[in-house]
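The block underneath contains the structure these notes are about, expressed in structure tokens.
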Protein chains: 2
Amino acid sequence: MADQTDFDIRSFLPYLLNQAAEESSLAFQHHYKQRYGMLRTEWRVLFHLGRYGAMTANAIGTRAKMHKTKISRAVAALEKKRYLTRQKVETDRRRELLTLTRTGQTVYADLCAVAGDYDAQLLAPFSADEQALLKRALERLAKL
Amino acid sequence: MADQTDFDIRSFLPYLLNQAAEESSLAFQHHYKQRYGMLRTEWRVLFHLGRYGAMTANAIGTRAKMHKTKISRAVAALEKKRYLTRQKVETDRRRELLTLTRTGQTVYADLCAVAGDYDAQLLAPFSADEQALLKRALERLAKL
DNA sequence: CCCTAATAGTTGAATTTGTAACTAACAAGC
DNA sequence: GCTTGTTAGTTACAAATTCAACTATTAGGG
């Protein structure tokens with residue numbers, strides 16, 4: 001049992017993680033929001049399709065741990081922007097395969113470059129060992 | 001300029017941070033949500049008042065990097081639950097000092113114990129050095 | 001086949017959050 | 001002591017998220 005008098009919320013791990021997540025998401029948000037009018041849910045879907053190729057909404061949900069309603073609306077928005085197309089799966093017509101269009105791939109490539117640079121910038125203050133440890137720790141905490 | 005073909009969203013730091021933050025917040029959320037009907041904004045305000053004593057809404061905002069509307073609503077909710085009271089500051093009647101009631105302090109103490117245990121549990125897989133590095137890195141990323 | 005259960009995905013309503021405009025109180029200059 | 005500007009906090013409205021119910025399709029008995 002912990003002693004509550006010396007417990008400081010500012011070193012509480014979930015709190016620290018939230019603060020770091022918010023702060024680090026802020027600068028990158030500008031790019032997909034201002035330049036492409038996308039929401040966070042939308043670029044996440046875009047990134048998964050861009051990196052791992054065509055897949056169903058359900059598959060994205062499993063990978064990204066996103067709820068299916070979020071994905072449904074993100075997919076609808078991306079379709080409206082003509083960044084992706086849907087195609088019913090022959091063998092199971094409930095599911096539909098999502099594929100990036102040429103435009104979608106271009107946007108993906110552009111944002112990838114930005115994200116890569118930004119990531120490097122965030123990691124710059126840390127040594128290679130520290131970077132590796134940080135990522136391992138976060139993956140573990142995220143239960144990935 | 002990064003090469004976009006080897007860029008993986010799953011090692012993108014803001015993404016990892018978000019996943020870890022969500023996952024780690026989940027288990028603790030149960031306690032303040034189910035047992036006390038509080039939102040995240042509310043327990044944050046409660047924790048700050050519990051740890052650092054009576055202060056104004058503005059002071060909480062600075063410390064916790066929370067927007068003033070969030071705080072305003074959280075304070076109203078906590079007041080309704082009778083976890084805190086307000087008192088106009090004599091010398092500047094725009095501001096009001098927020099103070100935890102006896103009940104609020106009890107809830108705070110209870111949640112502190114839970115949070116302390118949970119924090120220890122989250123950190124258990126890591127060595128002391130790793131824990132220290134992790135916290136330092138997160139503080140830096142959060143610009144605290 | 002037909003009935004029930006399960007799954008993929010969508011939609012609508014209720015919460016929650018974010019943005020901007022607002023009130024009230026103070027401060028500074030004239 | 002007015003006028004202008006600034007700050008503390010609230011409120012109204014819009015945007016986003018969550019939750020629950022819904023449709024359509026498939027799967028598995030009997």
Side-chain angles (χ1 to χ4, degrees), chain A residues 18-19 21-23 25-30 32-34 36-46 48-49 54-81 84-99, chain B residues 18-19 21-23 25-26 29-30 32-34 36-46 48-49 54-81 84-99:
Chain A
N18 267 295
Q19 298 279 33
E22 257 178 63
E23 182 64 38
S25 297
L26 206 66
F28 182 58
Q29 170 179 292
H30 178 78
Y32 58 80
K33 206 167 192 175
Q34 308 292 4
Y36 298 108
M38 281 194 278
L39 301 174
R40 189 158 56 175
T41 50
E42 293 169 39
W43 78 255
R44 278 202 186 178
V45 168
L46 186 86
H48 277 272
L49 289 174
M55 62 175 98
T56 65
N58 205 4
I60 298 175
T62 307
R63 276 183 181 281
K65 286 202 194 177
M66 280 170 70
H67 191 75
K68 60 181 183 176
T69 61
K70 269 190 187 176
I71 297 174
S72 175
R73 288 187 240 257
V75 167
L78 291 172
E79 189 184 29
K80 197 173 175 186
K81 293 187 181 77
L84 62 76
T85 56
R86 307 169 193 244
Q87 188 187 4
K88 287 270 186 211
V89 173
E90 289 298 319
T91 55
D92 183 348
R93 293 170 40 71
R94 284 171 303 185
R95 312 194 300 157
E96 42 192 19
L97 207 61
L98 305 169
T99 313
Chain B
N18 266 294
Q19 298 279 36
E22 258 178 62
E23 181 63 38
S25 296
L26 206 66
Q29 172 179 289
H30 179 80
Y32 58 79
K33 207 168 192 174
Q34 308 293 9
Y36 298 109
M38 280 194 275
L39 300 174
R40 189 158 53 177
T41 49
E42 292 168 39
W43 77 253
R44 279 202 187 179
V45 168
L46 185 86
H48 276 272
L49 289 174
M55 62 175 94
T56 65
N58 204 6
I60 298 175
T62 306
R63 275 183 183 281
K65 284 202 192 178
M66 280 170 70
H67 196 262
K68 60 182 182 174
T69 62
K70 271 191 187 175
I71 296 174
S72 175
R73 289 189 250 251
V75 167
L78 291 172
E79 189 184 28
K80 198 173 173 185
K81 291 187 184 77
L84 60 75
T85 56
R86 308 171 192 242
Q87 188 186 6
K88 288 269 187 213
V89 173
E90 289 299 318
T91 54
D92 182 350
R93 294 171 40 73
R94 287 172 302 184
R95 313 194 298 159
E96 40 192 19
L97 209 60
L98 306 169
T99 313

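For the numbers below, each heavy atom of this structure counts, side chains included, while hydrogens, waters and symmetry mates do not. Naming convention: chains lettered A, B, ... in sequence-line order (proteins, then strands); numbering from 1 in each chain.
Each of B/Thr56 and A/Asp92 lies near DNA chain D, and the nucleotide nearest B/Thr56 is the one positioned closer to the 5' end. Mapping A/Thr91 and B/Leu97 onto DNA chain D by nearest heavy atom places B/Leu97 at the nucleotide closer to the 5' end. Each of A/Lys68 and B/Arg93 was matched to the nucleotide of DNA chain C holding its nearest heavy atom; the match closer to the 5' end belongs to A/Lys68.
Take A/Lys81 and apply the salt bridge (charged side-chain N to carboxylate O under 4.0 Å, His left out) test, not counting sequence neighbours, and it matches A/Glu42. Qualifying side-chain hydrogen bond (donor to acceptor under 3.5 Å, both in side chains) partners for A/Thr85, counting only residues two or more places apart in sequence or in other chains: none. Partners of A/Lys65 according to the salt bridge (charged side-chain N to carboxylate O under 4.0 Å, His left out) rule, which considers only residues two or more places apart in sequence or in another chain, are B/Glu23. Scanning for salt bridge (charged side-chain N to carboxylate O under 4.0 Å, His left out) contacts around B/Arg86 gives B/Glu79, B/Glu96, with sequence neighbours left out. For A/His67, there are no side-chain hydrogen bond (donor to acceptor under 3.5 Å, both in side chains) partners, not counting sequence neighbours. Under the salt bridge (charged side-chain N to carboxylate O under 4.0 Å, His left out) criterion, A/Arg73 pairs with no residue at all, not counting sequence neighbours. Qualifying side-chain hydrogen bond (donor to acceptor under 3.5 Å, both in side chains) partners for B/Ser25, counting only residues two or more places apart in sequence or in other chains: A/Asn18. Partners of B/Arg94 under the side chain to side chain contact (heavy atoms under 4.5 Å, CB included) rule, at least two apart in sequence or in another chain, are B/Asp92.
At whole-Å resolution of the value, NZ in B/Lys88 and P in D/dG9 are 8 Å apart. Atom pair B/Arg95:CZ and D/dT10:C1' shows a separation of 17 Å (rounding to whole Å applied). Rounded to an integer number of Å, the gap from CD1 of B/Ile71 to C1' of D/dT7 is 14 Å.
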Fill in the blank from the handout: In 5'-to-3' order, the base (B), backbone-only (S) or no-contact (-) status of each nucleotide in nucleotides 14-19 of chain D, using a 4.0 angstrom heavy-atom cut-off, is --SSBB

Nucleotide N/O of nucleotides 3-6 of chain D paired with protein N/O under 3.5 Å:
none

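Around NZ of B/Lys88, the count of heavy atoms belonging to other residues, nucleotides or ligands within 6.0 Å exceeds 12.
Proximity of A/Trp43 to A/Gln29: side-chain heavy atoms (C-beta onward) are nowhere separated by under 4.5 Å.
The footprint of chain A on DNA chain C, defined by a heavy-atom cutoff below 4.0 Å, extends from C/dA6 to C/dG12.
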Donor-acceptor contacts under 3.5 Å from residues 55-64 of chain B side chains, at least two apart:
| from | atom 1 | to | atom 2 | distance (Å) |
| --- | --- | --- | --- | --- |
| B/Thr56 | OG1 | B/Ala59 | N | 3.3 |
| B/Thr62 | OG1 | B/Asn58 | O | 3.1 |

